[in-house]
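Model, not experiment: these values are computed from the prediction. Residue numbering restarts at 1 for every chain, and letters A, B, ... go by the order of the sequence lines.
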Amino acid sequence: MQRELSEQEIVRRDALKRIKELGIDPYPADLFPVNVSAKEIHDNYERDKLSYKNICIAGRLMSTRVMGKASFSEIQDSSGRIQVYVNRDEICPGEDKTLYNEVYKKLLDIGDIIGIKGYVFTTQVGEITIHATELVLLTKSLRPIPIVKTDKEGNIHDGFNDPETRYRQRYVDLIVNPHVKDAFVKRTQLTNSMRNYLNNKGYMEVETPILQPLYGGAAARPFKTHHNTLDMQLYLRIANELYLKRLIVGGFDGVYEFAKDFRNEGMSRFHNPEFTQMELYVAYKDYEWMMDLVEEMVEKIAMDIHGKTEVQVGNNVINFQRPWKRFTMYGAIEHFTGIDVSKMTEEEMFNTAKKLGIEVDETMGRGKLIDEIFGEMCEGKLIQPTFITDYPVEMSPLAKKHRSKEGLVERFEAICNGKEICNAFSELNDPIDQRARFEEQLELGKRGDEEAMVLDEDFLRAIEYGMPPTAGLGIGIDRLSMIMTNSNSIQDVLFFPQMRPQKKVRVVELDDEEKSVLAYIKSKEKAEIGAAKSGYQESHEISNKKWDKAIKKLREEKLIAFSKNEQGEAIIEFIQ
RNA sequence: GACUUGUUAGCUCAGCUGGUAGAGCACAUCCCUUUUAAGGAUGGGGUCCUGGGUUCGAACCCCAGACAAGUCACCA
């Protein structure tokens with residue numbers, strides 16, 4: 001179905017047609033021999049002027065200021081923007097000035113991708129500029145892009161801000177909002193830095209199934225799908241933990257994966273249905289060791305991205321310098337509430353939670369209560385990176401029981417800016433205990449807990465062969481990216497955040513009611529508007545609003561006209 | 001899932017008590033040899049998110065819905 005084009009789109013399509021008539025290919029196939037970027041010129045021209053006498057650059061046309069025979073444009077390549085000076089008699093040395101007068105001045109639009117050959121100079125105003133000697137069209141753009149302007153004080157004019165449009169048309173967002181691009185560059189720096197760190201340690205990056213017959217490794221509701229040939233239900237993974245541990249059983253000492261995981265749950269500025277987690281498993285280590293690794297790795301990432309360990313996040317400056325603060329979960333609760341819950345019975349804890357103003361219900365066990373108290377009273381207050389250790393066993397069916405503390409597991413989370421950024425434990429490798437924990441989860445599932453884990457018989461078989469003591473880590477790449485880029489929403493660190501589809505555009509045609517109204521007016525030829533309405537309403541059921549809509553529509557379609565007679569009455573008239 | 005706010009030109013936004021839909025940028029036409037968000041002049045451009053209702057009359061009031069953002073709940 002052909003969309004109705006806006007005036008500006010029609011102008012551009014007409015320009016495209018004219019360009020073709022002039023024998024110019026608006027989408028040429030040949031490579032364009034780019035030999036420099038905008039950033040390189042800005043960085044190096046002043047101290048090495050001789051190297052920029054013969055340059056070739058390509059980019060998107062972002063602005064033009066035409067001043068008769070001379071004009072200035074700005075082009076933007078992947079590295080940034082640079083000004084281009086175009087002089088009529090230089091790009092058109094002969095008699096034929098079409099390239100300048102018609103193509104450059106009229107047929108090129110902001111958003112077109114062009115190639116420039118020329119040399120670099122500095123204008124009278126002192127701006128490093130490319131003096132164009134040749135100009136070619138590389139791609140014609142058929143839609144107008146938003147024109148965002150920044151003045152000398154750095155104020156942004158006519159910004160492209162609407163989050164919905166920005167996320168739905170991320171390509172436009174990336175073109176016109178440099179800070180958006182910057183956040184994604186930083187995200188990639190983050191994963192590069194992390195990957196380098198892990199590779200230098202000798203761990204192996206692996207890939208494990210995303211389509212899993214059983215989902216496991218986390219407490220979450222999965223996406224279901226179906227494989228036709230096997231005729232079986234499959235799930236999109238919620239975690240890759242159980243697969244990576246199988247690889248530890250298989251004899252790898254350290255494996256990691258940057259994993260896209262999928263959880264069929266609520267969405268918010270911290271949650272997207274698909275998100276990225278880096279999971280790492282290292283044999284013969286424990287959670288204490290893993291804490292040291294996390295500190296070291298994240299400190300290094302901050303250094304690699306920002307050149308320092310401090311990062312501005314909202315109103316806070318977060319410092320990733322080692323060592324980070326460490327609290328046990330009980331310790332954190334005592335620190336923030338003054339209450340020692342460690343020796344409380346479930347009943348005492350229930351009442352304590354209630355007193356603290358936390359919503360509780362009878363189904364909550366000790367572990368859930370502790371988690372609630374912590375989440376409510378402590379988590380949001382932890383701005384600087386902090387490790388919380390030793391979680392209740394009920395919440396952690398895959399973690400090893402604490403070596404000395406009853407009822408706890410060897411688990412830690414790192415909290416930063418009030419949010420969890422990673423989760424790790426000494427992995428449970430006792431197959432008997434693991435089976436028992438899975439069975440407890442099955443019970444929870446029967447009681448209606450949709451997030452309860454399912455029993456993975458193959459995983460149990462694997463660890464029955466023997467998994468060495470292992471430290472495991474899952475670190476949220478999106479969450480960490482948000483912190484490292486000072487982003488307020490996960491959507492700002494995902495190129496294409498999940499959105500509901502947009503409504504389809506309707507084709508407008510006369511409906512039956514409008515046709516009927518038109519027929520009536522035609523029969524009258526001409527009438528006072530109020531009389532026509534009441535006349536029509538005598539024989540037809542129609543509300544005033546619908547009548548009004550119908551006649552407005554008919555006028556738009558130029559099927560009827562409005563006017564006034566000598567008495568000043570509004571007259572409606574059928575047009576032949 | 002709940003609550004709050006929003007949706008008007010390609011973009012950013014005004015729009016009074018309900019009374020002919022506005023501005024800046026962009027676009028078009030014309031003039032102009034180094035400009036800096038903006039050279040000058042003139043002009044065109046609208047499904048006021050959708051559907052219903054109230055009203056002589058709705059961008060505006062009422063009801064229902066769509067989409068989004070924020071807060072909360074759940075979760076990483």
Give a yes/no answer on whether the side chain of [X] brings an N or O atom under 4.0 Å of OP1 or OP2 in [N].
X       : N       : value
R269(A) : rG70(B) : no
K149(A) : rA26(B) : yes
K106(A) : rC30(B) : yes
R500(A) : rC67(B) : yes

- [ ] Measure up the Y85(A) and H131(A) rings against each other and bin them: parallel (under 30°), tilted (30 to 60°), perpendicular (over 60°).
- [x]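 The arrangement is perpendicular - the two ring planes meet at more than 60°.
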
**Asked** Would you call the rings of F258(A) and Y256(A) parallel, tilted or perpendicular if under 30° counts as parallel and over 60° as perpendicular?
**Response**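 The rings of F258(A) and Y256(A) stand perpendicular, inter-plane angle above 60°.
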
Tell me the interatomic distance from [X], atom [atom1], to [N], atom [atom2], rounded to whole angstroms.
X       : N       : atom1 : atom2 : result
K419(A) : rU71(B) : NZ    : C1'   : 12 Å
E372(A) : rC72(B) : CD    : P     : 15 Å
H157(A) : rA26(B) : NE2   : P     : 12 Å
N87(A)  : rC32(B) : CG    : P     : 15 Å
D14(A)  : rC27(B) : CG    : C1'   : 13 Å

* Set of residues satisfying side chain to side chain donor-acceptor pair (under 3.5 Å) with respect to E102(A), sequence neighbours excluded ->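 E102(A): side chain to side chain donor-acceptor pair (under 3.5 Å) contacts with R18(A).
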
Assign [X] to base, sugar-phosphate, or nothing according to its heavy-atom contacts below 4.0 angstrom with the strands shown.
X       : answer
T150(A) : sugar-phosphate
E90(A)  : nothing
E279(A) : nothing
N488(A) : nothing
V11(A)  : sugar-phosphate
Q277(A) : nothing
Y167(A) : sugar-phosphate
Q124(A) : base

| According to the 5.5 Å centroid and 30° plane-angle thresholds, does F270(A) stack upon the nucleobase of rA76(B)? |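 Taking the rule of under 5.5 Å and under 30°, the ring of F270(A) does not stack on rA76(B).
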
Is any NZ, NE, NH1 or NH2 atom of the basic residue among [X] and [Y] found under 4.0 Å from an Asp or Glu carboxylate oxygen of the other?
X       : Y       : value
R166(A) : D492(A) : yes
D14(A)  : K17(A)  : no
D173(A) : K181(A) : no
D77(A)  : K39(A)  : no

Could you tell me how far [M] sits from [N] if I compare only their [atom1] atoms? Round to whole Å.
N       : M       : atom1 : value
rA2(B)  : rU20(B) : P     : 39 Å
rA59(B) : rG19(B) : C1'   : 13 Å
rC27(B) : rC11(B) : C1'   : 12 Å
rG10(B) : rA28(B) : C1'   : 14 Å
rU5(B)  : rA9(B)  : P     : 22 Å
rC25(B) : rU42(B) : P     : 12 Å
rA38(B) : rG53(B) : P     : 50 Å
rU47(B) : rC63(B) : P     : 27 Å

I need the minimum non-hydrogen distance between T208(A) and R237(A), along with the two atoms involved.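 Result for this residue pair: O-NH1, 3.1 Å.
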
* To do: Say whether, by atom type as modelled, one donor and one acceptor occur between the side chain of R170(A) and the main chain of F495(A) under 3.5 angstrom.
  =>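 Checked: pair present.
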
* Would you say the side-chain atoms of D151(A) pair up with the backbone N or O of H157(A), donor to acceptor, closer than 3.5 Å? ->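 Not confirmed, D151(A) side chain does not pair with H157(A) backbone.
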
In the structure shown, which nucleotide is the Watson-Crick or G-U wobble counterpart of [N], with both distances under 3.5 Å?
N       : value
rC60(B) : none
rG22(B) : rC13(B)
rA2(B)  : rU71(B)
rU42(B) : rA28(B)
rA66(B) : rU7(B)

Choosing from [options], which nucleotide comes nearest the side chain of [X]?
X       : options                   : value
M67(A)  : rU36(B), rA68(B), rG39(B) : rG39(B)
R263(A) : rU34(B), rC74(B), rA76(B) : rA76(B)
R168(A) : rU34(B), rC67(B), rA69(B) : rC67(B)

| query | D109(A) and salt bridge (Lys or Arg N to Asp or Glu O under 4.0 Å): which partner among R13(A), K140(A), R60(A)? | reply |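 Running salt bridge (Lys or Arg N to Asp or Glu O under 4.0 Å) over R13(A), K140(A), R60(A) with D109(A) returns exactly one hit, K140(A).
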
Is a donor-acceptor pair below 3.5 Å formed from side chain S71(A) to base rU35(B), judging by atom type as modelled?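 Check fails, no donor-acceptor contact within cut-off.
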
Between the side-chain atoms of Q83(A) and the base atoms of rU35(B), is any donor-acceptor pair under 3.5 Å?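 Indeed, a donor on one side and an acceptor on the other fall under 3.5 Å apart.
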
Protein-proximity profile, nucleotides 5-13 of chain B, B/S/- by nucleotide at the 4.0 Å heavy-atom cutoff, equals -----BSSS

Checklist line | Nearest-nucleotide 5' precedence on RNA chain B, D109(A) against K69(A) | finding: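 With D109(A) and K69(A) compared, the 5'-side residue is D109(A).
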
First of E127(A) and G68(A) reached from the 5' end of RNA chain B, by closest nucleotide |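 Per heavy-atom nearest nucleotide, the more 5' residue is G68(A).
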
